[in-house]
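Okay, so here's the structure we're looking at.
In this chain, residues are counted from 1 in sequence order.
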Amino acid sequence: MNNYRITYQNVVGGALCPDHIVRPQSNRGVHPLLQFVSCILCFLGVTICSFAQDNRPNILLMMVDDLGYSDFGCYGSEIQTPNIDRLANNGLRLTQFYNTAKCHSSRLCLLTGQYSRYAGESDMRNAVTIAQVLGDAGYNTSMTGKWHLDNQPTDYGFEQYWGHLSGATDFFQGDDTFRLNGEVWNEFDEDFYTTDANVDFSIQFLDNALKEDKPFFHYIAFNAPHYPLHAPKEDIEKYLGRYDAGWEVLREERLAKQKKLGLFKKRLQLPPLPEHVPAWNSLTAKQKQFESFRMAIFAAMVDRVDQNIGRLIDYLKEKGEYENTLIMLCSDNGACPFERSSSLEIPPWKAGSYYVYDASWATVGNTPFKHYKQTQHEGGISSPFIAHWPGKLKNTGGLNNEVSHLVDIMATCIEIAGTTYPKKKGVNPIQGKSLLPILQGKEREGHDDLFFAFSNCRALRQGDWKLVSFYQHQWELYNVANDRLEQNDLASKRPKRVEAMKQRWYEIAKKGGLKSDRDIGPVQDKASPDVQGSWHDAEKVANWTMPAF
């Protein structure tokens with residue numbers, strides 16, 4: 001941080017001067033009482049300065065949206081993410097970091113350190129946010145990007161905010177939910193692109209923070225690469241043709257890279273392509289062109305996020321804050337499978353277009369895991385997580401397989417800031433556990449269990465065991481230490497474990513206020529179909545024409 005210095009000029013013969021150095025001039029002729037006062041003022045000046053200097057670390061927390069486990073280069077992707085990869089190579093990657101499989105509930109967990117239902121859902125009525133706790137502890141707090149909860153960030157401890165309150169937005173023309181510090185903001189121009197603007201305002205807010213000489217907590221909630229798939233034309237051009245080989249080939253390429261990076265053992269076999277995903281060679285030439293093109297848009301969006309993270313890193317270095325900043329980066333859920341494309345006659349570098357990819361490319365995004373966003377199988381809830389903190393991390397460039405969750409972010413920030421979680425009426429206890437021991441290469445007391453619920457998809461993880469239900473179909477049981485890809489259901493072989501874990505899931509759910517049949521009703525006595533009707537629509541390409549470049 002910039003050093004905050006209290007400088008007294010011409011105080012009792014110049015007792016204090018810049019940097020608290022006593023002026024080398026004689027005190028002869030000064031009354032002894034004034035000499036005594038001079039000494040007292042000198043002592044007070046040094047004391048005040050020592051309290052005013054706050055060298056606690058800054059915290060930069062970034063979340064991307066609908067990004068699969070393998071979509072960063074450092075987690076297996078072919079997408080160009082050099083800035084993110086450098087953070088990983090000089091930081092630490094977690095391999096078993098979990099989210100909630102859904103945008104808004106993941107944001108609740110991240111901000112409050114509680115499971116979303118315990119926090120009170122979107123109004124956070126039973127919780128406090130990281131911004132509130134760190135703000136009370138002397139941090140400057142700010143945020144840019146997607147909110148997707150009730151009210152506004154400035155109602156929950158963020159001193160500065162720019163972004164959109166909606167769950168998704170047009171990247172080129174925004175929507176009517178954009179706010180700047182609580183006020184309506186609609187200054188969209190022809191060069192506007194949401195991902196760029198997030199970092200433009202981030203830099204502005206951090207400039208303001210540094211003037212206050214406080215450590216900062218800054219949270220960027222990128223809307224990218226959430227649909228609609230929008231990216232600048234020049235970024236899309238970089239990836240044209242890169243996906244012509246199809247999803248089978250890209251999936252194999254990603255797993256091979258993941259093995260080389262050490263994320264998975266070399267003997268791991270990639271499961272067959274899910275039955276609902278058509279073989280690439282069964283597609284028509286037009287379908288292949290369409291699919292390759294929309295994956296190129298997605299890749300361009302991730303690339304643009306990386307470019308902007310690079311801009312922010314350069315800013316921190318320029319300001320001398322990079323070395324004293326803990327950077328954390330994660331995703332809110334796995335890759336999104338829902339086919340919702342429309343307005344395909346408009347090119348994806350213009351407002352109003354609405355390209356979306358479906359479960360086929362989402363399968364690649366979540367390589368090598370099963371299922372997607374909104375489900376509680378590993379593809380829905382597994383996030384990349386990168387921590388970077390120069391000189392403070394052990395095993396830099398390495399991997400850590402500690403089981404952890406978004407609820408752990410609050411506890412981590414509290415410990416790093418040297419403050420405490422408030423104990424007051426109406427605020428539930430924190431459920432997360434600090435990641436700091438992991439970052440320092442130490443052992444930590446892990447979670448006895450991790451609870452997952454969205455809609456009528458459910459899961460519970462206890463140690464190496466995971467119980468999961470796909471849209472309220474019968475419970476499945478996996479030993480994720482041996483079978484993290486969830487290919488060998490052991491439920492019929494271990495009914496006692498299924499029963500015990502099922503009862504524990506219901507216990508946590510009911511304590512969190514889940515009540516409806518959809519939330520906690522009994523599962524069906526039917527095996528999972530492993531597909532949803534919203535995951536594909538082959539007719540989307542019928543009237544599509546490749547945009548001109």
So do Ser455 and Gln374 actually touch side chain to side chain, heavy atoms under 4.5 Å?
no
Which of parallel (below 30°), tilted (30 to 60°) and perpendicular (above 60°) describes Tyr75 and Tyr69?
perpendicular
Which pair of heavy atoms, one from Gly76 and one from Gln258, lies closest together, and at what distance?
CA-CG, 3.8 Å
Given the rule in the side chain to side chain contact (heavy atoms under 4.5 Å, CB included) test, do Leu250 and Thr367 qualify, once you have shown the distances and angles that lead to the verdict?
CA-CA 9 Å; Leu250 268 295; Thr367 302; over 6 Å; no
Are the aromatic rings of His371 and Phe470 close, with centres under 6.0 Å apart?
yes
Indicate the ring-plane relationship of Trp361 and Tyr243, choosing parallel, tilted or perpendicular according to the 30° and 60° boundaries.
perpendicular
When every non-hydrogen atom of Arg484 is compared with those of Glu378, the smallest separation belongs to NE-OE1, 2.8 Å
Ring centers of Phe217, Tyr139 separated by less than 6.0 Å:
no
ring-ring contact (aromatic ring centres under 6.0 Å, His included) for Phe369 and Phe264? Distances and angles first, verdict last.
CA-CA 12 Å; Phe369 298 136; Phe264 297 100; 5.8 Å; yes
For the CG atom of Leu406 and the CG atom of Leu108, what is their distance to the nearest 0.5 Å?
11.0 Å
Using the six-membered ring wherever Trp is involved, compare the ring planes of His388 and Tyr322 and label them parallel, tilted or perpendicular (cut-offs 30° and 60°).
tilted
Taking only Lys NZ, Arg NE, NH1 and NH2, and the carboxylate oxygens of Asp or Glu, determine whether Glu476 and Lys466 approach each other closer than 4.0 Å.
no
Output, in order, the C-alpha distance, side-chain angles, deciding distance and verdict of salt bridge (Lys or Arg N to Asp or Glu O under 4.0 Å) for Asp150 and Arg125.
CA-CA 10 Å; Asp150 288 355; Arg125 57 187 174 273; over 6 Å; no
Could Lys214 and Glu212 be called an ion pair, given the rule that one side-chain N must be under 4.0 Å from one carboxylate O?
yes
Asp519/Arg458 salt bridge by N-O under 4.0 Å criterion:
no
Compare every heavy atom of Arg56 with every heavy atom of Asn324, then report the nearest pair and how far apart it is.
ND2-O, 3.3 Å
Stepwise side-chain hydrogen bond (donor to acceptor under 3.5 Å, both in side chains) check, Arg86 with Asn89:
CA-CA 5 Å; Arg86 274 192 291 272; Asn89 292 337; over 6 Å; no
Identified ring-ring contact (aromatic ring centres under 6.0 Å, His included) counterpart of His164 within the set Phe201, Trp147, Trp185, Phe178
Phe178
Name the residue from His148, Lys102, Met124 that meets the side-chain contact (heavy atoms from CB on, under 4.5 Å) definition with Arg107.
His148
Between Arg461 and Asp449, is the closest basic N to carboxylate O distance under 4.0 Å?
no
Tyr156 and Asn151: CA distance, side-chain angles, deciding distance, side-chain hydrogen bond (donor to acceptor under 3.5 Å, both in side chains) verdict:
CA-CA 9 Å; Tyr156 294 96; Asn151 302 315; 2.9 Å; yes
Please check this pair: side chain of Ser383 against backbone of Phe385, looking for a donor-acceptor N/O pair closer than 3.5 Å.
no
Does Lys319 pair with Asp207 as a salt bridge, N-O distance under 4.0 Å?
yes
For Cys103 and Lys373, the nearest pair of non-hydrogen atoms, with its separation, is SG-NZ, 3.6 Å
With a 4.5 Å heavy-atom cut-off, do Tyr227 and Asp66 have their side chains touching?
yes
Minimum heavy-atom separation for Thr100 and Phe454, please, with both atom names.
O-CB, 4.3 Å
Just by distance, do the side chain of Asn181 and the backbone of Tyr161 share a donor-acceptor pair under 3.5 Å?
yes
Can we say Asp408 and Arg444 salt-bridge, meaning some charged N sits less than 4.0 Å from an Asp/Glu carboxylate O?
yes
Starting at CD of Gln80, measure out to CG of Asp303 and round the result to the nearest 0.5 Å.
5.5 Å
Any side-chain heavy atom of Phe222 within less than 4.5 Å of one from Thr195?
yes
Test: Asp448 and Arg504 ion pair at under 4.0 Å:
no
Assert yes or no for the condition that the ring centre distance of Phe205 to Trp162 is strictly below 6.0 Å.
no
Derivation of the side-chain hydrogen bond (donor to acceptor under 3.5 Å, both in side chains) call for His104 and Asp332:
CA-CA 8 Å; His104 89 280; Asp332 63 348; over 6 Å; no
Specify whether Phe452 and His405 have parallel, tilted or perpendicular ring planes, treating 30° as the upper limit for parallel and 60° as the lower limit for perpendicular.
tilted
Under 4.0 Å between a Lys/Arg side-chain N and an Asp/Glu carboxylate O for Lys257 and Glu253?
no
Polar side-chain atom of Tyr421 near backbone of Val128 as donor-acceptor pair, under 3.5 Å
no
Are Glu443 and Lys394 close enough for a salt bridge, meaning some N to O gap below 4.0 Å?
no
All heavy atoms of Ala231 vs all of Ala300, minimum pair found to be CB-CB, 3.6 Å
In terms of the angle between their ring planes, are Phe171 and His230 parallel, tilted or perpendicular, with boundaries placed at 30° and 60°?
perpendicular
Give the C-alpha distance, both sets of side-chain angles, the deciding distance and a yes or no for side-chain hydrogen bond (donor to acceptor under 3.5 Å, both in side chains) between Asn208 and Gln160.
CA-CA 9 Å; Asn208 294 338; Gln160 304 176 93; 2.7 Å; yes
